[in-house]
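In what follows, every chain begins at residue 1, and chains take the letters A, B, ... in the order their sequences are listed. Atom set for the values below is all heavy atoms of this structure, side chains included, hydrogens, waters and symmetry mates excluded.
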There are 2 protein chains.
Amino acid sequence: MYIYIRILGMSTSQLYRGSLTTIILKLVEENGEMYGYEITQRVKELTQGDLEIKEGALYPSLHKMEAAGHLTVTAKKVDNRIRKYYDITPAGKEETVNRLAELDEFLANMQRIINPKLSFE
Amino acid sequence: MYIYIRILGMSTSQLYRGSLTTIILKLVEENGEMYGYEITQRVKELTQGDLEIKEGALYPSLHKMEAAGHLTVTAKKVDNRIRKYYDITPAGKEETVNRLAELDEFLANMQRIINPKLSFE
DNA sequence: TTGTTTACTTAAGAATCTTATGTATATTTA
DNA sequence: TAAATATACATAAGATTCTTAAGTAAACAA
């Protein structure tokens with residue numbers, strides 16, 4: 001029997017919609033080879049448990065990014081189980097730059113709307 | 001005959017998904033009574049044309065926020081045409097505070113992931 | 001041995017958005 | 001003055017991205 005308890009403070013915000021690809025690209029670009037489960041744990045760590053990447057979002061996203069030629073995948077047997085390691089491609093690096101630029105623009109635009117007084121840069 | 005030309009630099013990013021409610025709440029809370037079309041123009045101004053709120057997203061969103069009790073609506077005839085002015089309710093002000101807090105958390109979490117070196121605050 | 005963690009997969013449904021279409025009046029331009 | 005554009009709202013169909021849920025399977029802890 002399983003009882004799931006909603007962790008206080010864990011994010012349910014819709015704002016993360018659209019940011020998953022950017023997060024994956026950045027982490028894999030920076031760390032090199034990572035596998036799916038590792039990405040979920042790394043994000044949980046970095047955000048102090050605030051953001052939990054769901055498997056139902058993560059894995060289809062990884063498959064799509066591989067299909068797009070932004071990531072490569074290599075299956076490795078570790079402890080008698082399969083892990084799929086993803087690494088960034090040159091096209092993936094370009095995509096990372098673009099996605100991070102988009103994120104910057106998004107942040108700047110939200111600042112302009114939410115805090116117009118600080119937006120004279 | 002209509003020819004639509006894609007404006008260079010206009011955002012097509014998925015990052016804005018989930019931010020519309022926050023944007024509307026903040027603008028109406030700050031400016032007082034606003035009507036839909038006015039909101040699209042204000043956002044366009046503030047972001048220098050970068051972000052165009054689509055009518056297909058805006059109007060259903062306004063209706064939903066009214067149904068939720070976060071906004072009130074008053075129809076007024078201006079220049080022989082109907083405008084629907086939306087204003088914030090007390091519940092809407094609470095929601096605004098919550099949404100802005102969520103936005104802050106989102107920004108902080110993205111910083112922690114994208115730029116971990118700057119995240120020791 | 002029961003439950004939890006690790007590790008991946010995928011289908012169904014929800015939420016939010018874009019695109020497209022429609023209505024209608026006012027204003028600008030050719 | 002006719003045509004096009006701007007103002008102003010509404011909504012249905014489809015796309016995208018996510019959550020929820022169910023499944024498989026092995027390692028590990030209680």
| side-chain contact (heavy atoms from CB on, under 4.5 Å) between Thr40(A) and Lys54(A), intermediate numbers included | CA-CA 8 Å; Thr40(A) 66; Lys54(A) 309 296 192 306; over 6 Å; no
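- Straight-line distance from the CG atom of Leu15(B) to the P atom of dA15(C): 21 Å, rounded to whole Å.
- Residues Ile39(A) and Val28(A) are in side-chain contact: their nearest non-hydrogen atoms beyond the backbone lie under 4.5 Å apart.
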| field | Nucleic acid footprint by protein, nucleotides 7-20 of chain D - heavy-atom cut-off 4.0 Å, B for base, S for sugar-phosphate alone | value | BSBBB----BBSBB
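- Distance Lys77(B) NZ to dA24(C) P: 13 Å, rounded to the nearest Å.
- Scanning all heavy atoms of the two residues, the minimum distance from Phe106(A) to Ser19(B) falls at CE1-OG, 4.2 Å.
- Between Arg42(A) and Glu30(A) there is no salt bridge, since no side-chain nitrogen of the basic residue lies less than 4.0 Å from a carboxylate oxygen of the acidic one.
- Listed here is the closest heavy atom pair of Pro60(B) and Glu55(B): CD-O, 3.7 Å.
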